[in-house]
Amino acid sequence: MDTKQTATTCKNAFDVQAVVDALRLVLGESRSPVSLHEPCFGGNEWVYVKDCLDSGWVSSVGAYVDRFEQALAEVTGAGRAIAVVNGTAALHIALMLAGVEPDDEVLVPALTFVATANAVSYCGAVPHFVDSEFRTMGLDATKLADYLGEIAETSAKGCRNRMTGRRIRAAVPMHTFGCPVDLDPLLECCAGYGIVVVEDAAESLGSYYKGRHTGTLGRVGTLSFNGNKLVTTGGGGAILVNDTELGRQAKHITTTARQPHRWRLYHDQVGYNYRLPNLNAALGCAQLEQLAGFVESKRALARHYAEAFRDVPGVQVFVEPEFARSNYWLNALLLDEKFSDQRDAVLEQTNQSGFLTRPSWALMHKLPMYHACPRMDLAVAESIERRLINLPSSAALGKSDA
Ligand SMILES: *Cc1c(COP(=O)(O)O)cnc(C)c1O
């Protein structure tokens, strides 16, 4: 018997107030609204940025750019990290390095931030949307393998989509809200078709798949240091590679393709001015020194949420699968399918109460510019979109773990 069942609460009704109460339990009573994500400047930020101003090195050349790249390579274990102006630019160049050409198709999760699909468009290629799995909220390798078995064929030129006639050149797993995609089966599937894997690790700095840092398992990986990410440079991004030649190309293309020379100005291909200014890199160096602490706080906050929502009926807090160590960049609450019609009520009431929760991104194939793109069955992504609510997740909120 359901002992909670009374005249006012029957078991088919959803208790929105219980969600607000659980949030209050974790986040406390606050006079000002609790943001979804705020940066945390608790280290050498002032010192390093002031050093740029004092020395005059504020622009696209400077010691902090080199130092930031070095520190990123150390933290991630990548062979090389190339700092760029933002995560979208990093994805654009990563896809070029993966050999994506005009009229190719690139497999992209429907559940992602729009930058993943836009970078494909910048290459003149076509995003082909694929489904997610509940365990990671990222790309479902098993479902993809079945799908490719139906629509794809391999030839000397690589993988061809039999439905459109286009080449499928690359796949871009995105580590959703910091949780690593199950990469082993994906890498195996893609290798079988000659599809290059480019990891969008924009949200997963400090996250590990079976002990290896996300963004270092595919041919190329990308990071973002936008203001809402775990580590911020104001705006910024990075390309991660293990291959020396790819690293050289990435640096060259993102720095206007200028041939190194003391005074001659000569460019040997169409390059991009995607350089990260020294000022931003200085901020990044200070932020990166605090990465381990940020991740620890985030993981503590995730534990607090899991605890607080354990007995709230009709909801589940997302928890990493066993092969993953997530940075829990954004915590996620999933309403039971039968309560998905309550999502907006929860968003409304939590925001009203000063907890700035947010829904999922609109799925890519629902955006006007991507409406007509090829896609597989997207049942899981659709379900997550209906039921997902991101919870306030700033690192500072997780500090009080005993
Ligand atoms: C933040 C983000 C990016 C890159 O964004 P920028 O704002 O250009 O740095 C790319 N992909 C995903 C999934 C992101 O969350």
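Atom set for the values below is all heavy atoms of this structure, side chains included, hydrogens, waters and symmetry mates excluded. Counting starts at 1 for both ligands and their atoms, following the listed order. Just so we're clear, the structure is a prediction, and the values are computed from it rather than from any experiment.
Contact annotation for Thr88 and ligand 1: heavy atoms of both the backbone and the side chain come within less than 4.0 Å of the ligand. Heavy atoms of Thr112 found under 4.0 angstrom from ligand 1 belong exclusively to the side chain.
Residue contact check: Ala115 has heavy atoms under 4.0 Å from atoms 10 (C) of ligand 1. Each of the atoms 13 (C) of ligand 1 lies under 4.0 Å from some heavy atom of Met174. Atoms of ligand 1 lying under 4.0 Å from at least one heavy atom of Asp200, given by number and element, are 10 (C), 11 (N), 12 (C), 13 (C). The atoms of ligand 1 that sit less than 4.0 Å from any heavy atom of Asn86 are 8 (O), 9 (O). Taking every heavy atom of Phe113 and a limit of under 4.0 angstrom, the matching atoms of ligand 1 come to 2 (C), 3 (C), 12 (C), 13 (C), 14 (C), 15 (O). Atoms of ligand 1 found under 4.0 Å from any heavy atom of Ser224, numbered from 1 in the order shown, are 1 (C), 4 (C), 5 (O), 6 (P), 9 (O).
For atom 1 (C) of ligand 1, the nearest protein heavy atom (residue, atom name, distance) is Lys229 NZ, 1.5 Å. The protein heavy-atom contact nearest to atom 3 (C) of ligand 1 is Ala202 CB, 3.5 Å. Remark: minimum distance from atom 15 (O) of ligand 1 to any protein heavy atom is reached at Glu203 OE2, 2.5 Å.
The pair Arg135-Glu320 does not meet the salt-bridge criterion, since no charged nitrogen lies less than 4.0 angstrom from a carboxylate oxygen. A salt bridge links Arg386 with Glu337: the distance from a Lys NZ or Arg NE/NH1/NH2 to an Asp or Glu carboxylate oxygen falls below 4.0 Å.
For the 3.5 Å distance criterion, the side chains of Tyr370 and Ser121 qualify, holding a donor opposite an acceptor. Counting only N and O atoms by type, the side chains of His267 and Gln259 include no donor and acceptor under 3.5 Å apart. Side-chain contact check for Glu199 and Thr222: no donor-acceptor pair (N or O, by modelled atom type) lies under 3.5 Å.
Under the 6.0 Å cut-off for aromatic ring centres, Phe177 and Trp361 qualify, their centroids lying closer than that. Aromatic ring centres of Tyr272 and His92 lie closer together than 6.0 Å.
Tested against Thr357, the residues Val19, Leu333, Ile389 include a single side-chain contact (heavy atoms from CB on, under 4.5 Å) partner, Ile389.
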